[in-house]
Novice: 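First the structure, which I've put down as structure tokens, then a few questions once you've had a look.
Heavy atoms only: backbone and side chains are in, while hydrogens, waters and symmetry mates are out. In what follows, chains are A, B, ... by sequence order, proteins preceding strands, each numbered from 1.
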Number of protein chains: 2
Amino acid sequence: MRFSTRLSDAVHILCFIYLNPDENLSSERIAESVRTNPGYVRQLMSSLRKAELISSTKGHAKPMLAKDAEEITLRDVYRAIEGDKPLLHLDTHTNPECGVGVNIQLALQEYYDRIQIAAEAEMERITLQDVLDGYHERIKKDKR
Amino acid sequence: MRFSTRLSDAVHILCFIYLNPDENLSSERIAESVRTNPGYVRQLMSSLRKAELISSTKGHAKPMLAKDAEEITLRDVYRAIEGDKPLLHLDTHTNPECGVGVNIQLALQEYYDRIQIAAEAEMERITLQDVLDGYHERIKKDKR
DNA sequence: TATGCTGTTATTATTAAAATTACAATAGGA
DNA sequence: TCCTATTGTAATTTTAATAATAACAGCATA
């Protein structure tokens, strides 16, 4: 596979919705900004809707954030998009005849969980508003 | 792609070397435990050697840890294997005509860096010895 | 010297991600 | 009501990173 940019694309979509509250926001229009196709955008939006981060209705090109930007954390988005998929993956395909391999992987799980928790804790400290603030700072700098 | 299990396999190799200090440890033998092929094992070992986590010599099937197990952290292994590859990836392929996309991704970078630092900080707290301890605990439990 | 192994590179296969396609169903306007 | 634009969803295809495989020069040891 190629490495996933789904979280990045989902954040992009959320920001784009926030930044364009009035305009006609079709998946086609969003897809142009992300430079992808409308189907992919709708798939991500479907996940975001199920996680109640946005609301949208069939046939109506007016998606909206379902919460304030301060209330949406990167962890919310990560979970919405990736579900339980972790950042690091065990090799669960080691030789079962060799107890060493299996037990090392099982031992590793415990530590991977810690790393996941640390990463998600940091994600939880970052809100969509933070990303938007960073975005606005950049826009300002660009103009100078 | 499939998702990477390289870090897990590298830890497996390190533990396997630690646990079998006397035996003839060919890449073939290690590969059997990981249930993979010797070439892949040698590639990972090549990265570990370059990072000075193990020592090994051409033609001689006696790889050794180059440091104490307490001195090798998960972060060391991660860096040895993955280099600068981060856990989360920006979408660097957004529409350049749309400043929104580009700037959102650039803003995200700053926050992804934070998450990476948090994850690596936790990795740094975990040593090969910790994993080995977890492994030994499991072995004990299995026997009961 | 002969054998077995390493270190390295090149090539192929596998598979998750992303792209693409298709279509029933809904919203809103003419 | 009919028409157009769009959504929501699923199915299929393409792309590309990972892992598997193959090949071989060069070193270690018997």
Novice: Can you check the B:Ile54 CD1 to C:dT6 C1' distance for me, whole Å?
Specialist: 11 Å
Novice: Nearest heavy-atom pair of A:Ser8 and B:Leu90: which atoms, and what distance?
Specialist: OG-CA, 3.4 Å
Novice: Rounded to whole angstroms, how far apart are CG on B:Leu48 and P on C:dT8?
Specialist: 13 Å
Novice: Which residues within residues 91-106 of chain B lie with some heavy atom under 4.0 Å of an atom in DNA chain C?
Specialist: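 Nucleic-acid contacts, sorted: none.
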Novice: At less than 4.0 Å, is any side-chain N or O atom of A:Tyr40 found next to OP1 or OP2 of C:dA19? Yes or no.
Specialist: no
Novice: Would one find more than 12 heavy atoms of other residues, nucleotides or ligands at under 6.0 Å from atom OH of B:Tyr78?
Specialist: yes
Novice: Using the side-chain heavy atoms of A:Arg42, tell me which of these nucleotides is nearest: D:dC24, D:dA17, D:dT7.
Specialist: D:dT7
Novice: In whole Å, I'd like the distance from the NZ atom of A:Lys62 to the C1' atom of D:dG8.
Specialist: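 Rounding to the nearest Å, NZ of A:Lys62 and C1' of D:dG8 are 18 Å apart.
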Novice: Whole angstroms only, please: what is the CZ-P distance between B:Arg6 and C:dT15?
Specialist: 17 Å
Novice: May I ask you to decide whether A:Lys140 forms a salt bridge with A:Glu137, counting only side-chain N to carboxylate O separations under 4.0 Å?
Specialist: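 Looking at A:Glu137 together with A:Lys140, the answer is no, because their closest N to O distance does not fall below 4.0 Å.
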Novice: Choosing from D:dT6, C:dA19, C:dT6, which nucleotide comes nearest the side chain of A:Ala61?
Specialist: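 The nucleotide sitting nearest to the side chain is D:dT6.
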Novice: Find the distance between CD1 (B:Ile17) and OG (B:Ser56) and round it off to the nearest 0.5 Å.
Specialist: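 Reported to 0.5 Å precision, the distance equals 7.5 Å.
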Novice: At less than 4.0 Å, is any side-chain N or O atom of A:Thr36 found next to OP1 or OP2 of C:dA19? Yes or no.
Specialist: yes
Novice: Contact class for A:Asn24 (heavy atom, under 4.0 Å): base, sugar-phosphate, or nothing?
Specialist: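 Sugar-phosphate: the residue A:Asn24, judged by heavy atoms under 4.0 Å, touches backbone atoms but no base.
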Novice: Tabulate atom names and distances for all N/O pairs under 3.5 angstrom spanning the protein and nucleotides 26-30 of chain D.
Specialist:
residue	atom	partner	partner atom	Å
D:dT29	OP1	B:His60	NE2	3.3

Novice: Within a 6.0 Å radius of atom CD on B:Glu52, are there more than 12 heavy atoms belonging to other residues, nucleotides or ligands?
Specialist: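 Check fails, neighbour count at 12 or below.
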Novice: In whole Å, I'd like the distance from the CZ atom of A:Arg49 to the C1' atom of D:dT6.
Specialist: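 One finds 13 Å between C1' of D:dT6 and CZ of A:Arg49, rounded.
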Novice: Look at all strands and tell whether B:Glu28 reaches a base, only sugar-phosphate, or nothing, counting heavy atoms closer than 4.0 Å.
Specialist: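 Here B:Glu28 touches no strand at all.
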Novice: Base, sugar-phosphate, or nothing for B:Leu44, non-hydrogen atoms under 4.0 angstrom?
Specialist: nothing
Novice: Check the distance between C:dC5's P and B:Arg29's CZ and give it to me in whole angstrom.
Specialist: 12 Å
Novice: Could you pick out which residue, A:Glu82 or B:Gln43, lies toward the 5' side of DNA chain C when each is mapped onto its nearest nucleotide?
Specialist: B:Gln43
Novice: Measuring from atom CG of A:Leu53 to atom CD1 of A:Ile13, what distance do you get when rounded to the nearest 0.5 angstrom?
Specialist: 11.5 Å
Novice: So which nucleotide from D:dT6, D:dA20, C:dT8 ends up closest to the side chain of B:Asn37?
Specialist: D:dA20
Novice: Ignoring backbone atoms, test whether B:Ser27 places a side-chain nitrogen or oxygen under 4.0 Å from the OP1 or OP2 oxygen of C:dT6.
Specialist: yes
Novice: Looking at B:Gln43, B:Arg42, B:Glu32, which hits side-chain hydrogen bond (donor to acceptor under 3.5 Å, both in side chains) with B:Ser27?
Specialist: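 Going through the options one by one, the only one that passes is B:Arg42.
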Novice: What contact category does B:Lys85 fall into here, base, sugar-phosphate, or nothing, at under 4.0 angstrom with non-hydrogen atoms?
Specialist: sugar-phosphate
Novice: Any idea which heavy atoms bring A:Asn37 and A:Ala31 closest together, and the distance?
Specialist: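 Smallest interatomic distance, heavy atoms only, reads C-CB, 3.6 Å.
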Novice: Do any N or O atoms from the side chain of B:Asp68 and from the backbone of B:Glu70 form a donor-acceptor pair under 3.5 angstrom?
Specialist: no
Novice: Round to a whole Å and report the spacing from CE of A:Met64 to P of D:dT6.
Specialist: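 Answer to the nearest Å: 19 Å.
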Novice: Keeping the roles fixed (side chain from B:Gln116, backbone from B:Leu87), state whether a donor-acceptor pair exists under 3.5 Å.
Specialist: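 Side chain of B:Gln116 to backbone of B:Leu87: a pair is present.
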Novice: Side chain of A:Arg2, heavy atoms from C-beta onward: which of C:dA18, C:dC5, C:dA16 has the nearest atom to it?
Specialist: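 So the side chain of A:Arg2 is nearest to C:dA18.
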Novice: Near A:Tyr18 OH, under 6.0 Å, is it more than 12 heavy atoms from other residues, nucleotides or ligands?
Specialist: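 Result for OH/A:Tyr18: open.
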Novice: With the side chain of B:Ser4 defined as its heavy atoms from C-beta on, choose the nearest nucleotide among D:dA17, D:dT6, D:dT18.
Specialist: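 My answer, after comparing the listed nucleotides, is D:dT18.
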Novice: Roughly how many Å is it from CD1 in A:Ile30 to P in D:dT6, rounded to a whole number?
Specialist: 12 Å
Novice: Does D:dG8 have its OP1 or OP2 closer than 4.0 Å to a side-chain nitrogen or oxygen of A:Ser56?
Specialist: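 True: A:Ser56 side-chain N/O within range (under 4.0 Å) of D:dG8 OP1/OP2.
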